[in-house]
Every structure is written in C-alpha cells, then in structure tokens.
*Asks:* 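Pasting in a structure now, in structure tokens, and then I'll have a few things to ask.
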Amino acid sequence: TGVQTCALPIYCIIINSENNDMLAKPFNFAYEYAKNINYDWVLLIDADTNITKEYFEELNQFVKPGISENIASIVPQLFQNNKSISPHINKLFYTIRQPLKKNGFNSGNITAFNSLSMLRVSFIDAINGFNENYPLDMLDYWIYNEIFRLNRAIYILDCKIEHDLSINDYNNKMSVERYINLIHVEDIFFKNAGCFNYLLFKIRLLYRAIKQRISLQNKRFSQITFKHIFR
C-alpha cells in the first residue's frame with residue numbers, strides 16, 4: 001500500500017492489496033478516500049472494458065457543477081460483439097432484462113454494470129458504502145437496486161463501449177468456484193427482494209440448469225444449479 005509514481009500526466013495513488021479483496025472492499029476504500037478529500041464522484045473501471053478517448057470526452061462535457069443532485073450514476077452503453085449488455089431495464093420481477101439504449105436521464109428498475117459506472121459520493125454515503133455481502137458478483141444489481149429504491153436517476157451517455165463479459169463464457173472463463181460464489185450471492189439478492197422474486201429466481205434456475213446440461217461441456221455447472229434449486 002502506498003503512493004507510487006505513475007506514467008500518466010496526473011497524480012495517482014496505486015494501492016496494492018496482499019489479498020484478493022475482489023470488488024466491494026476496494027470500492028469502499030476508493031469511496032472513503034473520495035469522501036475524505038471532498039470529491040463528488042467515484043468512477044469504477046473494469047479491466048475487461050475497452051475505454052476510449054470519446055468516452056472521456058463525452059463524460060467531460062456532461063459532468064459539470066450544477067447537474068441535478070438526483071442523478072446517482074452516469075454510465076455509457078456497454079456492448080459485447082455488437083450486442084447491448086448494459087444498462088438494461090428489469091421487467092416482471094427481474095425475469096426479463098430489456099436493453100436500455102435511451103440516452104439521457106432515466107429512472108426506474110434499471111441495472112448497469114459496475115464498469116464505467118460513475119457514482120455520486122453523496123449517494124454512496126446514503127447507502128452506507130458498498131455492500132460487502134456482494135464482494136464481486138451481484139454487487140452491480142445491489143447498487144442499482146438501491147438507486148431504484150431511493151428514487152434516484154441514472155444518466156446514460158451517448159457513447160458505446162466494448163466490454164468482455166466473462167460471466168457469459170462458462171467453457172473458458174467461468175470456474176466452478178466462481179460459479180458457486182455467483183449462485184450464492186444471487187440467492188442472497190433475490191431472497192432479500194421478497195418471496196415472489198425468490199420463487200421466480202428458483203424457476204429461472206431450473207431453466208438455467210437445463211440449458212447448462214445441454215450446452216456446457218462441464219456438467220458440474222448444471223449439477224450445482226439443480227442442487228441449489230432445492231436448498
């Protein structure tokens with residue numbers, strides 16, 4: 001941990017953790033640091049995102065003093081292989097996820113990925129920081145559910161960014177251990193969302209297990225999913 005020199009033409013602090021603290025803990029460190037030096041925003045960046053110069057130009061034009069305090073998050077549109085993957089509207093109790101391509105102010109039950117979410121520090125403060133019950137997966141769902149719960153808005157930039165969503169690639173990028181952690185935090189999130197949401201989650205797991213059984217080489221994924229349905 002400490003301050004190191006940086007090749008970028010800006011002052012930066014690089015924090016090297018001895019442990020794999022995933023996302024929530026580092027996000028909380030950044031939030032506390034930003035709060036202590038009176039910064040208004042925290043930008044979350046994932047290594048799987050192809051950030052462009054145009055993104056920062058678009059962001060710089062929008063983020064100015066005086067923008068609506070109701071905006072809790074500013075995000076671009078993320079794509080993978082020309083398919084929109086973030087943000088999306090959650091419909092029918094998270095059963096349907098519809099891509100959201102409308103630029104500008106948006107509100108409602110919307111979820112966006114952590115990567116390139118720029119969150120207002122005062123909003124993070126209002127939710128008592130990042131929930132470490134979701135150390136990696138489902139943290140974005142929790143954050144944007146909090147935005148929805150508090151009737152805050154997000155702003156979608158007129159900017160398209162490529163993102164490599166590793167969670168979609170079970171055969172090459174999803175380990176069994178990661179999947180066990182994923183399904184565990186999914187269970188926590190949907191259980192907290194109420195009985196009906198939790199029932200629909202269990203139904204979705206059945207569909208997922210059948211799909212995994214048919215399409216994946218490693219049958220352990222479907223076994224884990226089937227087992228979790230009847231927990």
*Asks:* Would you give the length of the straight line joining atom CG of N50 to atom CD of Q80, rounded to the nearest 0.5 angstrom?
*Replies:* 12.5 Å
*Asks:* Any chance the side chains of Y155 and S68 put a donor and an acceptor closer than 3.5 Å?
*Replies:* no
*Asks:* To the nearest 0.5 angstrom, please state how far the CG atom of N197 sits from the OG1 atom of T95.
*Replies:* 7.5 Å
*Asks:* Is L92 reachable from F201 through a run of hydrophobic residues whose side-chain heavy atoms are each under 4.5 Å from the next?
*Replies:* no
*Asks:* Tell me if a side-chain donor or acceptor on R152 pairs with a main-chain N or O of N70 at a distance below 3.5 Å.
*Replies:* yes
*Asks:* Taking the side chain as every heavy atom from C-beta outward, state whether M174 and L182 have any atom pair closer than 4.5 Å.
*Replies:* yes
*Asks:* Do N103 and Q77 come within less than 4.5 Å of each other through their side chains, counting heavy atoms only?
*Replies:* yes
*Asks:* Nearest 0.5 angstrom please: I110 CD1 to S73 OG, how far?
*Replies:* 10.0 Å
*Asks:* Can you confirm whether Y55 is buried at OH, in the sense that more than 12 heavy atoms of other residues, nucleotides or ligands lie under 6.0 Å from that atom?
*Replies:* yes
*Asks:* What are the two closest heavy atoms between D46 and D48, and how far apart are they?
*Replies:* OD1-N, 2.8 Å
*Asks:* Given 3.5 Å as the limit, does a donor-acceptor pair link the side chain of T49 with the main chain of I51, or not?
*Replies:* no
*Asks:* Find the distance between OG (S175) and OH (Y170) and round it off to the nearest 0.5 Å.
*Replies:* 11.0 Å
*Asks:* R97 and T111: side-chain contact (heavy atoms from CB on, under 4.5 Å), yes or no, with the steps?
*Replies:* CA-CA 9 Å; R97 291 178 291 182; T111 298; over 6 Å; no
*Asks:* What are the two closest non-hydrogen atoms of W41 and A72, and how far apart are they?
*Replies:* CZ3-O, 4.1 Å
*Asks:* Would you say K219 has more than 12 foreign heavy atoms packed within less than 6.0 Å of its NZ?
*Replies:* yes
*Asks:* Quick one: do D187 and R231 make a salt bridge, cutoff under 4.0 Å?
*Replies:* no
*Asks:* So for atom CG, which belongs to D169, do other residues, nucleotides or ligands contribute more than 12 heavy atoms lying within a distance under 6.0 Å?
*Replies:* yes
*Asks:* Looking at R149 and E146, is there a salt bridge between them, counting it only when a charged N and a carboxylate O are closer than 4.0 Å?
*Replies:* yes
*Asks:* Start with the C-alpha distance between R120 and I71, add both sets of side-chain angles, then the distance that settles side-chain contact (heavy atoms from CB on, under 4.5 Å), and finish with yes or no.
*Replies:* CA-CA 8 Å; R120 195 185 287 274; I71 297 175; 4.2 Å; yes
*Asks:* Between the side chain of N106 and the main-chain N/O of I154, is any donor-acceptor distance below 3.5 Å?
*Replies:* no
*Asks:* Is it the case that more than 12 heavy atoms not belonging to K211 sit under 6.0 Å from its NZ atom?
*Replies:* no
*Asks:* Applying a strict under-4.5 Å side-chain criterion to I, L, V, M, F, W and Y, I'd like to know whether F105 and I156 cluster together.
*Replies:* yes
*Asks:* Any sub-3.5 Å donor-acceptor pair from D125's side-chain atoms to V121's backbone N or O?
*Replies:* no
*Asks:* Looking at every heavy atom in both S222 and Q212, which two are closest together, and how far apart are they?
*Replies:* CA-OE1, 3.4 Å
*Asks:* Looking at L139, D137, N145, which one forms a side-chain contact (heavy atoms from CB on, under 4.5 Å) with F189?
*Replies:* N145
*Asks:* Quick one: are S86 and V75 in side-chain contact, heavy atoms under 4.5 Å?
*Replies:* no
*Asks:* Quick one: are T225 and Y179 in side-chain contact, heavy atoms under 4.5 Å?
*Replies:* yes
*Asks:* Same cluster or not: M118 versus F148, using hydrophobic residues (I, L, V, M, F, W, Y) connected whenever any side-chain heavy atoms lie under 4.5 Å apart?
*Replies:* no
*Asks:* Minimum heavy-atom separation for I74 to F62, with atom names?
*Replies:* CD1-CE2, 3.5 Å
*Asks:* Are Y31 and F29 linked, directly or through other ILVMFWY residues, by side chains that come within less than 4.5 angstrom of each other?
*Replies:* no
*Asks:* Out of curiosity, K191 NZ to K202 NZ, how far, rounded to the nearest 0.5 Å?
*Replies:* 7.0 Å
*Asks:* If you define the side chain from C-beta out and look only at heavy atoms, does anything of Y94 sit under 4.5 Å from Y141?
*Replies:* yes
*Asks:* Using the side-chain contact (heavy atoms from CB on, under 4.5 Å) rule, take K102 and I89 through it: C-alpha gap first, then chi angles, then the decisive distance, then the call.
*Replies:* CA-CA 11 Å; K102 178 186 173 185; I89 305 171; over 6 Å; no
*Asks:* Could you tell me if the side chain of N114 sits less than 4.5 Å from the side chain of F27, heavy atoms only?
*Replies:* yes
*Asks:* Can you check whether E32's main-chain N or O pairs, donor with acceptor, with N36's side chain at less than 3.5 Å?
*Replies:* yes
*Asks:* Could you tell me whether the side chain of F226 reaches within less than 4.5 Å of the side chain of L206, counting heavy atoms only?
*Replies:* yes
*Asks:* I would like to know whether V185 and W142 meet side-chain contact (heavy atoms from CB on, under 4.5 Å); could you show each step before the answer?
*Replies:* CA-CA 10 Å; V185 293; W142 178 82; over 6 Å; no
*Asks:* Would a 4.5 Å heavy-atom cut-off, applied to side chains only, mark E58 and P76 as touching?
*Replies:* no
*Asks:* How long is the gap from NZ on K173 to CD1 on I167, to the nearest 0.5 Å?
*Replies:* 12.5 Å
*Asks:* Could you tell me whether R204 sits above the aromatic face of F190, with NZ or CZ closer than 6.0 angstrom to the six-membered ring centre and within 45 degrees of the axis?
*Replies:* yes
*Asks:* Should we count CD of Q217 as having more than 12 external heavy atoms under 6.0 Å?
*Replies:* no
*Asks:* If only atom types and distance count, is the side chain of N218 paired as donor or acceptor with the main-chain N or O of R220 below 3.5 Å?
*Replies:* yes
*Asks:* Does F79 share a hydrophobic cluster with F113, counting links as ILVMFWY side-chain heavy atoms below 4.5 Å and allowing steps through other members?
*Replies:* no
